[in-house]
Structure formats: structure tokens, C-alpha cells
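Below, all heavy atoms of this structure are taken into account, side chains as well, without hydrogens, waters or symmetry copies. Note that the structure is a prediction, hence the values are computed from the model and not measured.
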Amino acid sequence: MGSTRDPKAVATERLETIRQAVTHLENTDRRALLRQIARLGVRDHLRDPEALVSHLRSAMPNAPEFYGCWSVARSLLRVAQGAPRDERIARLSLAHVYGAGATAGLLKGQSAAAVVRGLCEISDQGGFGRQAFESIASFDGARLLARAEADGARFLVPDDVDWPETLRGLGEDAPLGLWVRGTASLAELAEKAVAVTGSRAASDYGKHVAGYLAGGLADQKVTVVSAIGQGADGAALMGALVRGEAAAPPIGVHAGGVAGSYGDGVLRQEQAILSAGGLIVSLCAPGVPLSSARANQRQRLMAALASAVVVVEAGLDSRAVSTPQVEGRPLLAVPGPITSSESAGTNRLIRDGAAQAVMSADDITAALARH
């Protein structure tokens, strides 16, 4: 949260962001801002926009109250200045109909709003076009988006400033949109990011190595992208988180909804990520349950967000071994004991030349530099 700039200049800049947000965000967006500010624990008499701005004029820019309000205001303002709301809702509706794994190829160069209108026009012809239209017509995307935003989630689309360049390069293979929790910029965190993944049933060795590599990457300002939960991925997230404020915060990726009932362990993991300035990302709307298909989509998303993928420890049948590789981005793997079934998958990737062996964070950043 700290800054080397003049505190008064920082305070003025952040206050202006908050003022712009409470002034220019309208209707749903403004209610989302005020509700999120209220959830920060701001005192009741400061929940009025004018009272809040007046109070913050004399507050220190790094005070939790000030910083929290500024972070929320900045993230919502960036969304409001991005894609038109009808295009955002249209993409959300198409993802609902065709599945969270649907890609931009579905649009065939058109806007999502135009595709939805096209479905409306062909709905009287029957078949899937009619089914898709009826599904969209019965789906209240605007209501879902408003509720999610009020609870701290955003639905990002390619026209948003926070849309990562790593996804822009995918063309028609890019997702229709991404659900995000946290106030940081996804584009900024993903600018230099590495996916660290492995088996959910990782050994103590696998967990240790995952945390060790992730911590080294975070120290070098490389964002770690890993699945939220247990195993090697969870250890990687914690390895990045324990490095402190000077390190890069991680991105945790969900296979289910960006928010849901995942249990106390996952909740603590989410809170740690958000408190450190990291992000929680998913292809799925809040409340969508986990499934095997969505876990495969999560692996694809992790690879798409990152500039490289590191498989730490995985057996032959582990989902981590089959994490899709994006053309031009390196696949790396950590070698393990040749007698260990937990490392059979990673060892085979290295043996077959599909992945380059790495044993340190420096090895990983060197591989990034070569591509």
C-alpha cells in the first residue's frame, strides 16, 4: 500500500478517483460502489457520498479507510469506462447459454449484442436458435451482474482496460468474458505471470517445491497464477503470499463460480489473496458449482493468462499434465524421483521433449526471457 510519492499528491489523486466514481457512476454501478464501501467497515455517517469525500480530504492516503474506498472506486470506474453495459450483459448471456468455456469464435467478428439480436430474429425458425433465444430471454443477466458487482465481483470483457494482453493474443480462442474479484488490474498482474500447477494429491515434496518456486517468482515481481484449493496449486499460492508486500500478489483461479460455498479452507485462501492485493478469477458466475469439465476449462484459462506454465508434480493421469499449451509460450516441468508415481507425468513431459526441466525461479525467468 505504500508509496514513495508525495503523500499529498497521492491523496489528491486518489480523492479525485473517488469523487469521479461517486459522481459519474450511475444507477447500478453507483449502488455497487456504495455497497462495497459500506462492506469495508466505513462508519455509517460516511456512507453518504458527499460526507465520504469530505472526510477523505483530510485522511492519510494509506489509511485503510481511504485506501479501501479508493481501490473499490478505481476498479468500478475502470469497468464503467470500458465496454458498454449492453455488450457486457450480452456476452454474459451468451456464456450462460453456450457455457463458460465459449470463446470469441462464437461471435464471428460481430458484437455480442448483435449476435443476441440475431438469435432473436431466427428464433421463429425453431431448432437450437430458438432454444438459445428462449434461454437468453429467461436469463436476467442485468440482475446477476448488478448483484455480483454489489458483492465485489466484476465481469471483464475485451473492451475493458483491465483485459490482459495475454488473452488479446488468443483471437477467437479468447473467452467471452472473465469474472474477477479484487480491486487490482488483471491486465497489470498478468503482464508478467507464470502459471504454477500440479497434482491436487501432491506429496510433501511437491507442495514444498511449488511454494519454493512461487515464492521465488513473487520476489522477482512475477505474478503466480494457480488454482485455488489443495495440492501443489494451493501451496504455490501460499508460497507467493508469504513473501510480503514487496512481492507480486498472486492470481487464484476457480473452476466453479468466482464466489461460492467452497468451505472454510478455500475462504481463508481467498481472503489472503484479496488482502495481499491479488485477484480471484473464473470463467463462471458466482454460485456456479464445480465440475470436471470446468476444472479442465480452469487449466486452459490459467495457461492463457500466463506467459509460461510450470508443472511441479503430477502423475500420468493428472489434469495438470494435460494443461493446454498456448503456442509460443513455454511449458516447463520440475523433475522428480524416477521411482515416484507422483512425478511420472512431469518426468515424461521432460523425457519426451514436451517440457523444459526447471529447478529454480531463476530457471523459469530465464525461460521467459528466451521467448
Side-chain angles (χ1 to χ4, degrees), residues 162 164-170 182 184-199 202 205-228 231-253 272-273 276-279 281 298-314 320-321 323-336 343 345-347 349-371:
D162 282 348
E165 287 298 322
T166 48
L167 296 185
R168 294 189 193 281
L170 297 180
S185 166
L186 180 59
E188 292 176 4
L189 287 190
E191 186 175 356
K192 189 177 182 182
V194 169
V196 180
T197 189
S199 172
Y205 161 80
K207 294 175 186 176
H208 171 76
V209 171
Y212 165 72
L213 293 178
L217 289 170
D219 282 341
Q220 296 185 48
K221 304 296 185 183
V222 177
T223 301
V224 171
V225 182
S226 293
I228 294 176
D233 290 67
L237 289 172
M238 294 311 297
L241 287 168
V242 299
R243 309 307 291 187
E245 291 186 4
I251 297 173
V253 185
I273 292 170
L279 293 172
V281 178
R298 175 199 61 204
Q299 295 300 116
R300 286 196 291 271
L301 175 58
M302 288 165 52
L305 285 171
S307 298
V309 175
V310 181
V311 184
V312 174
E313 181 186 62
V321 171
T323 299
Q325 185 177 5
V326 179
E327 186 177 355
R329 303 181 194 177
L331 177 63
L332 313 171
V334 177
S343 292
T346 47
N347 286 343
L349 287 174
I350 296 168
R351 183 199 66 190
D352 294 348
Q356 175 187 335
V358 292
M359 292 177 284
S360 68
D362 287 342
D363 288 346
I364 297 169
T365 54
L368 283 177
R370 289 193 294 269
H371 286 76

Taking every heavy atom of Ser199 against every heavy atom of Ala314, the minimum-distance pair comes out as CB-CA, 4.2 Å
Crowding at CD, Glu191 (>12 non-hydrogen neighbours, <6.0 Å)
no
Where the side chain of Ser226 meets the backbone of Val196, is there a donor-acceptor pair that is under 3.5 Å apart?
yes
Show the nearest heavy-atom pair for residues Leu241 and Ala272, with the distance to one decimal.
CD2-O, 3.6 Å
Are any side-chain N or O atoms of Thr346 and backbone N or O atoms of Val311, one a donor and one an acceptor, separated by less than 3.5 Å?
no
If you take all heavy atoms of Ala184 and Asp162, which pair is closest and at what distance?
O-OD2, 4.5 Å
Nearest heavy atoms of Pro249 and Leu189, plus distance in Å:
CG-CD2, 3.9 Å
Looking at Asp233 and Ala227, would you say the former's side chain and the latter's main chain have a donor-acceptor pair under 3.5 Å?
yes
Out of Val310, Thr323, Val326, Val309, which residue meets the side chain to side chain contact (heavy atoms under 4.5 Å, CB included) rule with Leu331?
Val309
From Leu167 atom CG to Leu301 atom CG, the distance as rounded to the nearest 0.5 Å:
7.0 Å
Side-chain donor/acceptor of Asn347 to backbone N/O of Gly336, under 3.5 Å
yes
Rounded to the nearest 0.5 Å, the CG atom of Leu305 sits from the CG atom of Leu279 at a distance of 10.0 Å
Smallest heavy-atom separation, Arg329 atom then Thr166 atom, equals NH2-O, 2.6 Å
Can you tell me how far CG of Asp362 sits from CD of Gln220, rounded to the nearest 0.5 angstrom?
5.0 Å
Ignoring hydrogens and angles, tell me if any N or O in the side chain of Arg243 forms a donor-acceptor pair with the backbone of Leu217 under 3.5 Å.
no
Nearest heavy-atom neighbours spanning Val312 and Ala210
CG1-N, 3.8 Å
Working to the nearest 0.5 Å, report the span between CE of Met238 and NZ of Lys207.
12.5 Å
Between Val209 and Glu313, does a side-chain contact (heavy atoms from CB on, under 4.5 Å) hold up when you go through it step by step?
CA-CA 9 Å; Val209 171; Glu313 181 186 62; over 6 Å; no
Which residue is it: Val253, Ile251, Val281, Ile273? I am looking for the one with a side chain to side chain contact (heavy atoms under 4.5 Å, CB included) to Ile228.
Ile273
Between Met359 and Pro335, is there a side-chain heavy-atom distance shorter than 4.5 Å?
yes
